[in-house]
2 protein chains.
Amino acid sequence: MEHKPKLADVAQAAGVSTATASQVLRGTGRISDSTRKNVVAAAKRLNYVRDSRAASMRSGENREIGFAVLQIANPFNAEVISGVSDLLETEGYLVSVLDSRDDTDRQRRNLEAFIRSSRGGLLWVPAENTDDDTFELLKAHGIPTVSFLRRSGKGRFDHVGIENSAATESATRYLAELGHRHIAYLGGTAEFGVRVERIEGCKKAIAELGLPELVVWNCPDEKVAGLTEISKLREAYPKITGIVCNGDMVAIGACSGMIRMGLKPGRDISVVGFDDVQDAAIATPPLTTMSVSPYQLGRKLARVALDRIRDPEMPTTISLMPAELITRESTGPAPKEAD
Amino acid sequence: MEHKPKLADVAQAAGVSTATASQVLRGTGRISDSTRKNVVAAAKRLNYVRDSRAASMRSGENREIGFAVLQIANPFNAEVISGVSDLLETEGYLVSVLDSRDDTDRQRRNLEAFIRSSRGGLLWVPAENTDDDTFELLKAHGIPTVSFLRRSGKGRFDHVGIENSAATESATRYLAELGHRHIAYLGGTAEFGVRVERIEGCKKAIAELGLPELVVWNCPDEKVAGLTEISKLREAYPKITGIVCNGDMVAIGACSGMIRMGLKPGRDISVVGFDDVQDAAIATPPLTTMSVSPYQLGRKLARVALDRIRDPEMPTTISLMPAELITRESTGPAPKEAD
DNA sequence: TGATATTGGTATAACGTTTAACCATCCGTC
DNA sequence: GACGGATGGTTAAACGTTATACCAATATCA
């Protein structure tokens, strides 16, 4: 009770060698039924649990995998995490989440701790401005790694992401069909990764449709920011009637801001979000958004990781999931106004 | 490059024994400056990182600590996590988060994995209906544990929580001062822990003020639930004009629901939330709520854990943080109506 | 000058598993 | 009654660190 029981204690209690005890507990080797039962009983009686550090050191197997995200608070991430752990847990893995807060130092610390403990695998949303060393470090230590959402590292790792460009392109076309001509992209600040791809998609549609140039408005992808920035955007570009947002949070914030300004989302200005988080459906007004099923995205991510772990020699893969337009009430026909 | 470098490789490259290399890298022992530099250089050159499994096995020290929460998506938790990791990271600890989703099986798996890896410590929000065995298991294996928010386990562990009863008592008194006489408690379903304490606080105030009996209305602590349940509550108890909520989420949902019903929060019905999450301030209307500074709560939690790790023999402590009433616009004078 | 610190370092035994290699039995068979 | 093959188990060497104990030098001191 006092002293933490080890395998040797179990073995002794069952009157066998530690090797036998180990084999019983792992279900390997040729052991008679009677001793098998003895050992199991002894283990239970002593409340034995195997020390995974020792086990993984000797066997080279580690069934803990980590998920390094930019911010744990993000509800989108939360749903991805559900998908990831649901799938991995059925395979006997344990998922632990690390929060890098999009800070490279913090991220570096996290990842080094990862390497130190030789975890089984890593799911990773690389922080902004992650330097090449960091990718190299992971690669050199042979940790099975899958990058998520943000693709970088020169194809060193498997990747799971979203078809961002195609998504915003269709969102923009949808706005155009509703008659909107002056369109803005609202939210985010990063000059690489997801956001760039999304902006690209908007620009592509706009170019092909011959609409006026896309207005890009930077701000954090949060409700508060959306709330305050929408009025500034309105002031600077009064002609804008259609907005594609970098995420649902900023979109919801923008809608709230418009209401405070006496405008009606979906009538005066149409807003399209991105992610389809749970709040999107119950926001006022319910948000039109690009849905990517974060839960399914998480499952896919987990599956790719498992494949990589099982066959480390396999060439790296890229999996992009499509996003689907969900129309709700934050979009509507463009107001008839002198253009 | 190919083979993962170990301490022995570093030692060989520097022309010293592994013992010396270890001492240099850990900054212990008496080593001359020249060899010290050699070893450090060799380590850097080989891209060496220590295997923490081996290290922690031998030394008995493990600077990874885990935080097991009920749901990672909860924004309240996210802020707590920030506080926890900010403090622990300065002490060289790594924080990883486990999501039990309030499911005892999942929780059990998580905790067993914890024991297996002999982590440095555990911060733990026990899932509903956690059985005594689980507490005993942790205790028996001597993992430094601090329970958070939900106090249970017969005082086996240190605890950090909120002065729930005092908080809801003052919220109730505040409503009473505004003239509300028929008061309800909305949200949550658990029959133990936090919620029970909060309900107790309301009842205490009501008893002392001689108001009509508290109406307790169960539902999940989520926006959607608040949105739908508020109309049912209104129908069942039309006299209710003051509501104390189990959390901000259900409170915000309830406000949205009222607006949809054509009622005005703060005029027709007053709503008090709990937690003061970031959304509370920017909700429509901005939410009156009990604020507990989740970030500071997280720091406190971390500090208690550190104390416990440093002195395992210390008697267990209980730390309760006060909650402060933040008045915004979801509360107001009771409507003048025939009672 | 001999006794005694001090400095700088090494050899080796842990930590708790897993696993490859080995060794007794016993059983049937020719 | 020697031989091959199951059957059921054990021995001992890893895995990569750290800590204890020890050992050579060299420096210090009375």
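For the numbers below, each heavy atom of this structure counts, side chains included, while hydrogens, waters and symmetry mates do not. Chain A is the first sequence line, chain B the second, and so forth, proteins listed ahead of strands; every chain is numbered from 1.
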List, with names and distances, any nitrogen or oxygen atoms from the protein found under 3.5 Å away from nitrogen or oxygen atoms belonging to nucleotides 24-26 of chain C.
none

Taking for each residue the nucleotide of DNA chain D bearing the nearest heavy atom, is the 5' side occupied by Arg30(B) or by Asp33(A)? Asp33(A)
Run the numbers on Val16(B) and Val39(B) for side-chain contact (heavy atoms from CB on, under 4.5 Å), then give the verdict. CA-CA 8 Å; Val16(B) 298; Val39(B) 171; 3.9 Å; yes
Side chains of Arg101(B) and Ser85(A): any donor to acceptor distance under 3.5 Å? yes
Pairs under 3.5 Å (N/O, protein and nucleotides 13-18 of chain D):
unit_1	atom_1	unit_2	atom_2	d
dA14(D)	N3	Arg58(A)	NH1	3.1
dG16(D)	OP2	Lys6(B)	NZ	2.7
dG16(D)	N2	Ala54(B)	O	3.4
dT17(D)	OP1	Tyr48(B)	OH	2.9
dT17(D)	OP2	Leu7(B)	N	2.7
dT17(D)	O5'	Tyr48(B)	OH	3.0
dT18(D)	OP1	Arg26(B)	NE	3.4
dT18(D)	OP2	Ser22(B)	OG	2.5
dT18(D)	O2	Arg58(B)	NH1	2.7

What pair of heavy atoms forms the shortest contact from Tyr93(B) to Ile65(B), and how long is it? CD2-CG2, 3.3 Å
Can you list everything that forms a salt bridge (charged side-chain N to carboxylate O under 4.0 Å, His left out) with Glu128(A)? Sequence neighbours excluded, please. none
Could you tell me how far apart Gln12(A) (CD) and dT17(C) (P) are, to the nearest whole angstrom? 14 Å
Look at Glu197(A) together with Arg195(A) and state whether they make a salt bridge at an N to O cut-off of under 4.0 Å. no
Closest non-hydrogen atom pair between Leu46(A) and Ala13(A), with its separation: CD1-CB, 4.2 Å
Short side-chain N/O contact from Ser52(A) to OP1 or OP2 of dT17(C), under 4.0 Å: no
With Arg150(A), which residues qualify under salt bridge (charged side-chain N to carboxylate O under 4.0 Å, His left out), at least two apart? Asp102(A)
Table please: side-chain donor-acceptor pairs of residues 111-120 of chain A below 3.5 Å, with sequence neighbours left out.
unit_1	atom_1	unit_2	atom_2	d
Glu112(A)	OE2	Arg108(A)	NE	3.2
Ser117(A)	OG	Ala113(A)	O	3.2
Ser117(A)	OG	Phe114(A)	O	3.3
Ser117(A)	OG	Arg119(A)	NH1	2.7
Ser118(A)	OG	Lys4(B)	NZ	2.6
Arg119(A)	NE	Glu64(A)	OE1	3.4
Arg119(A)	NH1	Glu64(B)	OE1	3.3
Arg119(A)	NH2	Glu64(B)	OE1	3.2

When you check the side-chain N and O atoms of Ser56(B) and Arg53(A), is any donor under 3.5 Å from an acceptor? yes
Within the distance-only criterion (no hydrogens, no angle test), does the side chain of Asn77(A) pair as donor or acceptor with the backbone N or O of Gln71(A) below 3.5 angstrom? yes
Under 4.0 Å, heavy atoms only, any strand: does Ser32(A) hit a base, just the sugar-phosphate, or nothing? sugar-phosphate
When the axes are fitted on five pairs at both termini, how much does the helix from dT1(C)-dA30(D) to dC30(C)-dG1(D) curve, in 10° steps? 60°
Between Asp132(A) and Arg156(A), is there a side-chain heavy-atom distance shorter than 4.5 Å? yes
Return the value, rounded to whole Å, for the distance between atom CZ of Arg36(A) and atom C1' of dG9(D). 12 Å
Select base, sugar-phosphate, or nothing to describe what Thr28(A) touches, counting heavy atoms under 4.0 Å on all strands. nothing
